[in-house]
Amino acid sequence: MSAVVAAALANHSVFSLRAGESDTLDLSFDRTGITPRSRRDFVFVVNPRGANGRTGREWKKLLPYLRRSLGEQCNIHESFTSGPSQAMDITREAIRGGADAVIAVGGDGTLHEVVNGFFWAGKPICALERGSIHATTLGLIPLGTGSDFARTYGWKNDPHQAIERIAKGFRSKIDIGLMTLSGGEQHYFINVADIHLSAKAGYYASKYKSFGNFCYVLGALRAFIGHHNQDLKIKVNGQDWEVYNKVTALCTGNAKFFGGGMKIVPTADPCSGSLEVVILQDFKWYDFVFKLYKLYNGSHLSEKSVYSTSVKSIEVAMVEEGNGDIYVQCDGEHLGFLPVKCSILPSVIDFFV
């Protein structure tokens with residue numbers, strides 16, 4: 001095991017394996033044709049409590065297959081999270097220690113924290129001893145409740161297929177969204193950032209995780225209580241402010257899905273270099289009842305009350321203060337309230353595809 005990576009992860013719960021060399025698996029080449037070291041350090045960040053404990057149980061069953069698929073070519077480090085934001089800290093320490101890959105094992109919440117761990121003070125983190133030329137690759141083994149980011153790639157919630165993708169070693173540069181709150185606080189998102197009703201629904205859905213995917217339905221029902229569509233002012237790509245009336249929800253997508261399979265931003269592509277914005281206006285509760293299927297299959301963009309556009313950046317604020325707080329979230333994590341700015345960081349992370 002790499003001494004640098006081991007030292008970086010020393011403060012966390014880590015189990016490591018090292019096996020002899022084998023030529024049965026080739027992880028030496030990626031799409032750029034670069035040949036790295038013969039043995040790589042892969043850090044698996046596991047949320048054992050994810051999906052009501054299913055992530056931890058599935059991970060134990062998965063380890064033998066992981067060893068057979070990767071163990072002879074890689075130093076395998078597993079690190080378990082025990083609380084909020086710990087996946088972020090583990091990721092930062094692993095990258096600074098020179099890890100070749102950090103793989104999120106869990107749902108979209110774990111992936112969100114790992115992605116945020118790739119950055120510090122507004123910039124990507126580099127290995128302390130290997131310089132900026134070394135790039136740590138992001139990986140994903142989806143084992144969470146929603147696993148919405150994986151849906152953009154058409155991936156099933158199958159951990160064995162995820163390991164096979166990682167074993168093949170193919171990588172692609174992907175974009176990451178940056179959300180800046182009113183106080184200057186920054187958060188990164190790989191999937192969808194959203195505002196108002198959908199963000200409020202996500203906030204309440206997090207309280208019902210024990211119900212599995214049904215938590216999103218319960219969250220939406222709770223969010224409708226006391227909900228009012230709001231006039232919002234929006235600035236796109238630094239241009240003039242424009243007012244959008246009776247906004248129900250505004251979703252800014254780096255990827256397509258949220259809320260346990262809702263294809264809310266169907267035109268989003270993590271490799272496009274832009275964010276896709278979808279605005280629902282003047283939706284009533286019965287619109288969601290009769291048009292819910294459109295939100296799930298992505299055909300809602302044809303509705304007159306739905307507006308969509310591509311942006312590099314978007315700023316959103318309330319037209320009139322004092323009309324109540326407008327919820328803001330990204331990747332299903334509640335972050336606060338308006339105003340907010342979202343922008344794109346193109347091709348900033350290598351990702352196993």
Side-chain angles (χ1 to χ4, degrees), residues 12-13 43-59 78-92 94 102-119 138-153 155 157 159 162 174 176-179 181 185-195 198-220 223 251-262 264 270 327-336 349 351:
H12 301 286
S13 175
V43 177
F44 294 81
V45 183
V46 185
N47 175 14
R49 295 175 178 81
N52 297 319
R54 183 176 64 86
T55 299
R57 295 190 296 271
E58 291 296 322
W59 175 249
E78 58 176 311
S79 191
F80 296 97
T81 64
S82 58
S85 301
Q86 193 173 16
M88 198 183 313
D89 297 334
I90 293 170
T91 301
R92 286 174 179 153
V102 177
I103 292 95
V105 182
D108 293 308
T110 302
L111 178 61
H112 172 77
E113 287 197 8
V114 169
V115 166
N116 276 264
F118 272 73
F119 300 90
L138 171 67
L140 173 63
I141 297 179
L143 281 175
T145 302
S147 296
D148 281 312
F149 182 73
R151 298 175 195 267
T152 290
Y153 287 89
W155 297 340
N157 233 14
I174 63 169
I176 296 295
L178 170 63
M179 173 182 282
L181 301 177
E185 182 181 353
Q186 294 184 325
H187 298 268
Y188 301 86
F189 62 95
I190 192 170
N191 200 38
V192 177
D194 53 306
I195 294 167
S198 57
K200 190 177 181 181
Y203 171 77
Y204 285 114
S206 66
K207 311 295 184 183
Y208 303 113
K209 286 290 187 179
S210 60
F211 290 90
N213 272 345
F214 191 61
C215 71
Y216 299 110
V217 176
L218 295 175
C251 302
T252 303
N254 186 51
K256 302 178 188 296
F257 295 87
F258 79 165
M262 191 177 294
I264 192 66
Y327 283 67
V328 171
Q329 71 170 5
C330 63
D331 294 345
E333 303 297 315
H334 173 69
L335 297 178
I349 287 182
F351 182 59

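Quick caveat, the model's predicted, so the values are computed rather than measured. Numbering of residues begins at 1 and proceeds along the displayed sequence.
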[atom1]-[atom2] distance between [X] and [Y], expressed to the nearest 0.5 angstrom:
X	Y	atom1	atom2	result
Ser206	Tyr216	OG	OH	10.0 Å
Phe149	Asp108	CZ	CG	9.0 Å
Ser85	Ile90	OG	CD1	11.0 Å

Taking ring pair (Phe, Tyr, Trp, His ring centres under 6.0 Å) as the test, write out the residues that go with Phe44, two or more places apart.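 Checked Phe44 against ring pair (Phe, Tyr, Trp, His ring centres under 6.0 Å); matches are Trp59.
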Please enumerate all residues that pass ring pair (Phe, Tyr, Trp, His ring centres under 6.0 Å) together with Tyr208, with sequence neighbours excluded.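 Counting only residues at least two positions away or on another chain, Tyr208 forms no ring pair (Phe, Tyr, Trp, His ring centres under 6.0 Å).
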Kindly confirm or rule out a cation-pi arrangement of Lys207 over Tyr203, judged by NZ or CZ under 6.0 Å from the six-membered ring centre and within 45° of its axis?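 Output yes; distance and angle both within limits.
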Closest non-hydrogen atom pair, [X] against [Y]:
X	Y	value
Val192	Phe257	CG2-O, 3.7 Å
Ile103	Ile141	CG2-CG1, 3.8 Å
Leu143	Pro159	CD2-CG, 4.0 Å
Tyr327	His334	CD2-CE1, 3.4 Å
Cys330	Met179	CB-CE, 4.1 Å
Thr152	Pro270	CG2-CD, 4.0 Å

Please name all residues satisfying side-chain contact (heavy atoms from CB on, under 4.5 Å) with Ala220, sequence neighbours left out, ordered by chain then number.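 By the side-chain contact (heavy atoms from CB on, under 4.5 Å) rule, Ala220 matches Ala201.
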Tell me every residue that passes side-chain contact (heavy atoms from CB on, under 4.5 Å) with Asp331, counting only those two or more places apart in sequence or in another chain.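 Listed in chain order: His112, Phe189, Ile190, Asn191.
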I'd like to know whether CZ of Phe119 has more than 12 heavy-atom contacts from other residues, nucleotides or ligands below 6.0 angstrom.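 Count over threshold, so yes.
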Quick test of your reading: applying salt bridge (Lys or Arg N to Asp or Glu O under 4.0 Å), list the pairs with at least one residue in residues 142-152, sequence neighbours left out, ordered by first then second residue.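 Non-adjacent pairs meeting salt bridge (Lys or Arg N to Asp or Glu O under 4.0 Å): Asp148-Arg151.
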Does Asn254 reach the main-chain N or O of Gly177 with its side chain, forming a donor-acceptor pair under 3.5 Å?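 Not at all, since once roles are kept as given, no pair shorter than 3.5 Å links the two residues.
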Regarding Ser147 and Asn157, do their side chains bring together a donor and an acceptor under 3.5 Å, going by distance alone?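 Ser147 vs Asn157: donor-acceptor pair found between side chains.
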Side chain to side chain donor-acceptor pair (under 3.5 Å) involving Gln329 - partner list, sequence neighbours excluded: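 In terms of side chain to side chain donor-acceptor pair (under 3.5 Å), with neighbours along the sequence ignored, Gln329 is linked to Asp194.
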With Val114, the side chain to side chain contact (heavy atoms under 4.5 Å, CB included) member among Val105, Thr81, Asn47, Leu138: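 With Val114 as partner, Val105, Thr81, Asn47, Leu138 yield a single side chain to side chain contact (heavy atoms under 4.5 Å, CB included), made by Leu138.
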